[in-house]
Amino acid sequence: MKERDLQEKILLKHTTVVDSYEKKSMSRDAENRVAAIQQKISALKQEVDDLLDFNEESIVASSDLNGSERQKGGDAESEDHSVFDMKSMLWHGGSAWDAWFSCSSNQVAQVLLTLPYSFSQLGMASGIVLQIFYGLLGSWTAYLISVLYVEYRARKEKENVNFKNHVIQWFEVLDGLLGPYWKAIGLAFNCTFLLFGSVIQLIACASNIYYINDNLDKRTWTYIFGACCATTVFIPSFHNYRIWSFLGLGMTTYTAWYMAIAALIHGQVDGVEHTGPNKLVLYFTGATNILYTFGGHAVTVEIMHAMWKPRKFKYIYLLATLYVFTLTLPSSAAVYWAFGDELLNHSNAFSLLPKTRWRDAAVILMLIHQFITFGFACTPLYFVWEKVIGMHDTKSIFLRAVARLPVVIPIWFLAIIFPFFGPINSAVGALLVSFTVYIIPAIAHMLTYRTPSARQNAAEKPPRFMSSWAAMYVLNAFVVVWVLVVGFGFGGWASMTNFVRQVDTFGLFAKCYQCKPAGPPPTKQH
């Protein structure tokens, strides 16, 4: 009797446990289904909102363009419509192709001219390996930034937040996902990096034009190009860089292949030597310049926000990097092969290439491209400044342009103080790029998805080539440790040592950095 009672109790307990487990499993399955449905609804809602935004912008642009002409009859109306179509084609971008052109064009600008200088510091083998390594590393952290943007936007859209007339920026993504302290960190690093990124473009303009016209010193050319670059205040947002991005990529493509072909035709100089790497300081200086080269995704969030479908951005930066490899690897390797250690004292490759009409064309094209890249780097700073002074929602392009002008003044001033084309790239790479686009995105991704619920409800799951969340954490941890130790640690020491050496040699406010010394005055003939 007792045994039967005991069996019945055990059977009852077993049945209760099984029922409880089945209920939990059903509940868990239901939660997973609900989460999946919510993600699909969020994605669908985002696509609909993006489409509505684009249609509204097109309607507004169309009405602005055609409103004053509607009374002029059918011929005028059709003419205005064709003008609008042309304006949209050249001025109003937002497709995946636009994003690819923007990333490719922005990723390599004046730094293309300094990569042979980095090869002379690193040696041929290290130069090629580090370009590929940092290119892939940069593509990964750009992917992380895009995932965090999608996560932030999905969460905010669940709260019915409307982003019309508001450009989302990286520091706002950090604020929404991790809180105000991360917002402050992101804002400080991002703005400082973009500030000096703009400074570098201005320095490069003066350095390049000097090789066409040396009647004026580089400082005077900096004054002139500072005024020219200030006109970027009239470009409203990254939507309006469509034609500029297309042209800019064409210009860098021409310049890169000109450098490669010109170096091969020129051949090796007499007694050429390739001793790099021969100093630890120079090695890590060159390495951080390459880290800087592939760390140009401080404007990733703004480019994504300009897209009609931001979720398509995920692999665009990687595809842009693969194209950039076809520009940077042949040009830097060929110029280093031709001139060797001479590049150690010539940070701008134009200074060694023979003066021909092809070189002059490359210089002019790079000047135009640097104007475009200056706008890319400055536009996020314009947005931040507009938000600070309460002008971000203003629809008048002229009023926004006037409000943006104070941003250009400190950039102009810093370009005159530190005209060290080449060494400044490495310093910015080690101290700012290492955190802004490598360390902070990797840590932010780990913290955002640290809880099981966050991973379960993530707007974007791990990519196909990643087996699990754990694999992503391992890769992110590697990025943080590597860049912190090699990029910021050794790179910061080497680049600042080299930078201080330039200050000691040429001084602040150098009138003509790395210019050829003036020849002796002509002797009078009696």
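Annotation: the span from Asp98 atom CG to Phe246 atom CZ amounts to 11.0 Å, rounded to 0.5 Å. With rounding to the nearest 0.5 Å, the separation of CD1 in Ile443 from CG in Leu484 is 8.0 Å. Taking OG1 of Thr192 as the start and CG of Leu187 as the end, the distance is 8.5 Å to the nearest 0.5 Å. Taken from CG in Leu329 to CD in Gln131, the straight-line distance is 4.5 Å, to the nearest 0.5 Å.
Ring orientation note: the planes of Trp100 and Trp97 are nearly perpendicular, at an angle over 60° on the 30°/60° scale. Between His266 and Phe339, the ring planes are tilted. Angles from 30° to 60° get that label. Note: Phe350 and Tyr258 have tilted aromatic rings, judged against thresholds of 30 and 60 degrees for the angle between ring planes.
Donor-acceptor pairing under 3.5 Å is lacking for the side chains of Thr288 and Ser495. With no hydrogens or angles considered, no side-chain donor-acceptor pair links Gln121 and Thr285 at under 3.5 Å. For the residue pair Ser102 and Tyr241, no side-chain donor N or O sits within less than 3.5 Å of a side-chain acceptor on the partner.
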Next on the checklist: Please determine whether side chain to side chain contact (heavy atoms under 4.5 Å, CB included) holds for the pair Ile209 and Leu367, giving the CA-CA distance in whole Å, both sets of side-chain angles, and the decisive distance to 0.1 Å.
Outcome noted: CA-CA 7 Å; Ile209 192 64; Leu367 285 172; 3.4 Å; yes

Next on the checklist: Using side chain to side chain donor-acceptor pair (under 3.5 Å), reason through Thr300 and Tyr317 one step at a time and then give a plain yes or no.
Outcome noted: CA-CA 9 Å; Thr300 297; Tyr317 197 88; over 6 Å; no

Next on the checklist: With side chain to side chain contact (heavy atoms under 4.5 Å, CB included) as the criterion, how do Tyr254 and Met366 come out once you've worked through the C-alpha distance, each side chain's angles and the decisive distance to 0.1 Å?
Outcome noted: CA-CA 9 Å; Tyr254 170 87; Met366 284 304 290; over 6 Å; no

Next on the checklist: Determine whether Cys191 and Leu381 satisfy the following criterion, side chain to side chain contact (heavy atoms under 4.5 Å, CB included), listing intermediate values before the conclusion.
Outcome noted: CA-CA 6 Å; Cys191 287; Leu381 295 176; 3.9 Å; yes

Item to check | Residue pair Leu122, Ile290: steps toward the side chain to side chain contact (heavy atoms under 4.5 Å, CB included) verdict | outcome: CA-CA 10 Å; Leu122 292 164; Ile290 293 178; 3.5 Å; yes

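For the salt bridge (Lys or Arg N to Asp or Glu O under 4.0 Å) condition, no pair includes a residue of residues 281-305, sequence neighbours left out. Annotation: salt bridge (Lys or Arg N to Asp or Glu O under 4.0 Å) contacts involving residues 357-369, sequence neighbours excluded, comprise Lys355-Asp360.
Taking both residues in full, the closest heavy atoms of Arg242 and Ser95 are given as NH2-OG, 4.1 Å, listed atom of the first, atom of the second, then distance. Contact between Met304 and Pro310 at its shortest, heavy atoms only, is CE-O, 3.3 Å. Smallest separation of non-hydrogen atoms from Leu113 and Gln370: CD1-NE2, 4.4 Å. Minimum interatomic distance between Phe171 and Gly186 (heavy atoms only, all atoms of both residues): CB-C, 4.3 Å. Minimum interatomic distance between Thr141 and Pro441 (heavy atoms only, all atoms of both residues): O-CB, 4.2 Å. Counting all heavy atoms, side chain and backbone alike, Ser331 lies closest to Ala256 at CB-O, 3.3 Å.
At least one donor-acceptor pair under 3.5 Å links the side chain of His274 to the backbone N or O of Tyr336. Between the side chain of Trp221 and the main chain of Cys205, no donor-acceptor pair closer than 3.5 Å is present. Glu386 contributes no side-chain N or O that, together with a main-chain N or O of Ala403, makes up a donor-acceptor pair within less than 3.5 Å.
At most 12 heavy atoms of other shown residues, nucleotides or ligands fall within 6.0 angstrom of atom CD in Glu273. Few gaps surround CH2 on Trp493; more than 12 heavy atoms of other groups in view lie less than 6.0 Å from it. The number of heavy-atom neighbours closer than 6.0 Å to OH of Tyr323, taken from other residues, nucleotides and ligands shown, is above 12.
Aromatic pair Trp482/Phe133: centroids less than 6.0 angstrom apart. Here the two rings, on Tyr143 and Trp140, have centers that are under 6.0 Å apart. Phe294 has its ring centre less than 6.0 Å from the ring centre of Phe325.
Here the options are Thr114, Leu432, Val428, the test is side chain to side chain contact (heavy atoms under 4.5 Å, CB included), and the partner is Tyr292; only Val428 passes. Residue Phe119 forms a side chain to side chain contact (heavy atoms under 4.5 Å, CB included) with just one option from Ile128, Leu130, Val335, and that option is Ile128.
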